[in-house]
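Single-structure report; data block below.
Proteins come first, then strands; the chains are lettered A, B, ... in the order of their sequence lines, and each starts at number 1. The shown structure was predicted, so the numbers you read here are calculated from the model rather than taken from an experiment.
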Protein chains: 2
Amino acid sequence: MAESAKSGDQRLTKGAILQAALNIVDTDGVDALSMRKLAGQLGVNPMSIYHHVENKAALLDGLTRLVTDGARHIAVGEGTWQEQLRNLAYEFRSLSLAHRNLIRYAFASDDFIQRDGPMWRTLCTVLRTAGLPESEVERTGAVLAVLVGGLLHTEVNGTMRRLIGSGQADDAGFALAVQLLIDGVAARV
Amino acid sequence: MAESAKSGDQRLTKGAILQAALNIVDTDGVDALSMRKLAGQLGVNPMSIYHHVENKAALLDGLTRLVTDGARHIAVGEGTWQEQLRNLAYEFRSLSLAHRNLIRYAFASDDFIQRDGPMWRTLCTVLRTAGLPESEVERTGAVLAVLVGGLLHTEVNGTMRRLIGSGQADDAGFALAVQLLIDGVAARV
DNA sequence: ACCTGAACACCGTTCAAGT
DNA sequence: ACCTGAACACCGTTCAAGT
């Protein structure tokens, strides 16, 4: 189990570091990630890591970027703006659920939702095709991004499941929330 | 500045511990709170604290409960259900903004939004008077609680201000979001 | 009952020294 | 250029000893 990824390449690379770190975070959470444990996992001196990564914060940043790069290829479909909005929300969701522990950490930081990121731009485009006045597009986009983000944050940390006592709590809660938001937008076009 | 709260009472009390801890969190953030620094602030041996508080996690829990106890006295007014919902949201907001650093931490935990807490109960009551079918009250309540919570989380951590580049970004964003949610609920009654 | 000092098992990070 | 060991300045927490 330990001493992974050390067979062919004796050189330590940033990619290997990120991969091992993501592994720890995915299985044991962000709190379980320490430079020392990560080094142990890589079979390397703890200080070697600092030659490829500035510090622990930068490492976590790199992890977040690695995982959210999947957002660069979002297809929103050709349906109505309601369907496009729903698709976008579900894209955001599956991206978040793929690495729950990391995303839970990322939401706590203050720069997770990126202005002018691919997701943001798509969202604004959809709102424009919905017929929202240009002066309201950005503000509404920000609010929607933040609301869906918060929604996913509570799904990922288990709050949603706790509040709704049912089996399909997360799916049902997310679907209801998205529908509610779409209705809210519809009232403003 | 240091050695505060040690004049009359030589006995260490849980109340004094919580107060000093809240002070540190309010001014320097949750990460700046350590048992050792807290003890220094109280002019006491770090280990003395453990006679009044089980551990650091319990201390932070106590802090959260201390601050959110204000929710016990929420008045929602006599207006329409829309006005009541808006009032409730703004009560939640002022409670959150009073201790930004602590609330920022609390949102990251998985048990901040309490089912059957005073806020939850009020929310469900308002939804019933709005005419929402009983079978949907709890689920809708959960979703609204979670959405407003996420909204406040991003206001408190600065995301909202960053996404909307204006001066009154937080106020405008919150108002818009709440109106959008109310419209969403209106579409379901 | 309450307080304390020493100690344990950890952290992130710096820095000088090695190859 | 990359790696490493020792060291610094911190953590939370346990435990035996004091009053």
Side-chain angles (χ1 to χ4, degrees), chain A residues 1-25 27-64 101-102 104-106 108-109, chain B residues 1-25 27-64 101-102 104-106 108-109:
Chain A
M1 195 64 69
E3 312 288 309
S4 69
K6 213 204 138 189
S7 29
D9 42 7
Q10 68 274 51
R11 270 288 194 294
L12 188 59
T13 69
K14 186 164 179 174
I17 292 172
L18 286 175
Q19 200 49 245
L22 186 54
N23 223 302
I24 294 177
V25 169
T27 58
D28 294 327
V30 171
D31 287 344
L33 176 67
S34 79
M35 301 302 263
R36 293 167 137 101
K37 189 184 293 184
L38 175 57
Q41 199 76 204
L42 288 161
V44 113
N45 184 288
M47 299 310 116
S48 305
I49 297 171
Y50 284 88
H51 288 277
H52 302 88
V53 147
E54 191 161 11
N55 51 32
K56 192 181 177 181
L59 174 64
L60 281 162
D61 247 53
L63 243 43
T64 306
N101 293 341
L102 179 65
R104 194 171 166 175
Y105 160 83
S109 92
Chain B
M1 196 64 70
E3 313 288 309
S4 69
K6 214 203 137 192
S7 29
D9 43 8
Q10 68 273 53
R11 272 286 196 294
L12 188 58
T13 67
K14 187 164 179 177
I17 293 173
L18 287 175
Q19 200 49 246
L22 185 56
N23 221 303
I24 294 176
V25 169
T27 58
D28 294 326
V30 171
D31 286 345
L33 176 66
S34 78
M35 300 303 263
R36 291 166 136 101
K37 189 184 294 185
L38 175 57
Q41 200 76 205
L42 288 161
V44 115
N45 185 288
M47 298 311 116
S48 305
I49 297 172
Y50 284 89
H51 285 93
H52 302 87
V53 147
E54 191 160 14
N55 51 32
K56 192 181 178 180
L59 174 64
L60 281 163
D61 247 52
L63 244 43
T64 307
N101 293 340
L102 178 65
R104 193 170 165 175
Y105 159 84
S109 92

How far does the C1' atom of C/dA9 sit from the matching atom of D/dC10, given to the nearest Å? 13 Å
Under 4.0 Å between a side-chain N/O of A/His52 and OP1 or OP2 of D/dA1, yes or no? no
Gap between atoms CG and P, on B/Leu60 and D/dC11 respectively (whole Å): 14 Å
Out of D/dT13, D/dC3, D/dC11, minimum distance to the side chain of A/Leu12 belongs to D/dC3
Give the nucleotide from the list C/dG12, D/dT13, D/dG5 with an atom nearest to the side chain of A/Tyr50. C/dG12
Out of C/dG12, D/dC3, C/dT4, whichever nucleotide has its closest atom nearest the side chain of A/Lys56: C/dG12
Using whole Å, report how far CG of B/Leu33 lies from C1' of D/dG12. 12 Å
Hey, does the side chain of B/His52 reach the backbone of B/Leu12 with a donor-acceptor pair shorter than 3.5 angstrom? yes
Rounded to whole angstroms, how far apart are CD1 on A/Ile49 and C1' on C/dG12? 11 Å
Choosing from C/dG12, C/dA7, C/dT13, which nucleotide comes nearest the side chain of A/Arg36? C/dG12
Describe the nucleic acid contact of B/Met47 in one word from base, sugar-phosphate, nothing, applying a heavy-atom distance below 4.0 Å. base
Let me spell it out: for each of A/Ser48 and B/Pro46, pick the nucleotide of DNA chain D with the closest heavy atom. Which residue's pick is nearer the 5' end? A/Ser48
For DNA chain C, whose closest nucleotide is more 5', that of A/Glu54 or that of A/Ala32? A/Ala32
Nearest-nucleotide pick for B/Arg11, side chain only, options being D/dT14, D/dC3, C/dC2: C/dC2
Taken to the nearest 0.5 Å, the spacing of B/Ile24 CD1 from B/Gln19 CD works out to 11.5 Å
Protein-nucleotide distance (B/Asn55, atom CG; D/dG12, atom P), rounded to Å: 11 Å
Considering just the side-chain nitrogens and oxygens of B/Ser34, establish if one lies under 4.0 Å of OP1 or OP2 belonging to D/dC11. yes
Rounded to the nearest angstrom, tell me the gap between atom CG in B/Asn45 and atom P in D/dG18. 16 Å
Scanning all shown strands, the Watson-Crick or wobble mate of C/dG18 with both distances under 3.5 Å is D/dC2
Between A/Leu102 and A/Val30, the two heavy atoms sitting closest are CA-CG2, 4.3 Å
Distance-only donor-acceptor test (3.5 Å): side chain A/His51, base D/dC3: yes
If we only count heavy atoms from C-beta on, is the B/Thr27 to B/Asn23 side-chain gap below 4.5 Å? yes
Would you find a donor on one side and an acceptor on the other, under 3.5 Å apart, between the side chain of B/Ser109 and the backbone of B/Tyr105? no
Once you round it to whole Å, what is the distance between C1' of D/dG12 and NZ of B/Lys37? 15 Å
Starting from P on C/dT4, measure out to CG on B/Leu42 and report it in whole angstrom. 11 Å
Which nucleotide wins on minimum distance to the side chain of B/Val44, given the candidates C/dT4, C/dG12, D/dT13? C/dT4
Going by purine N1 to pyrimidine N3 plus the second Watson-Crick contact, or the G-U wobble pair, all under 3.5 Å, which nucleotide sits opposite C/dT13? D/dA7
Spacing between B/Met35 atom CE and C/dC3 atom P, to the nearest angstrom: 14 Å
Please report the closest heavy-atom contact between B/Leu59 and B/Met35, naming both atoms and the distance. CD2-SD, 4.1 Å
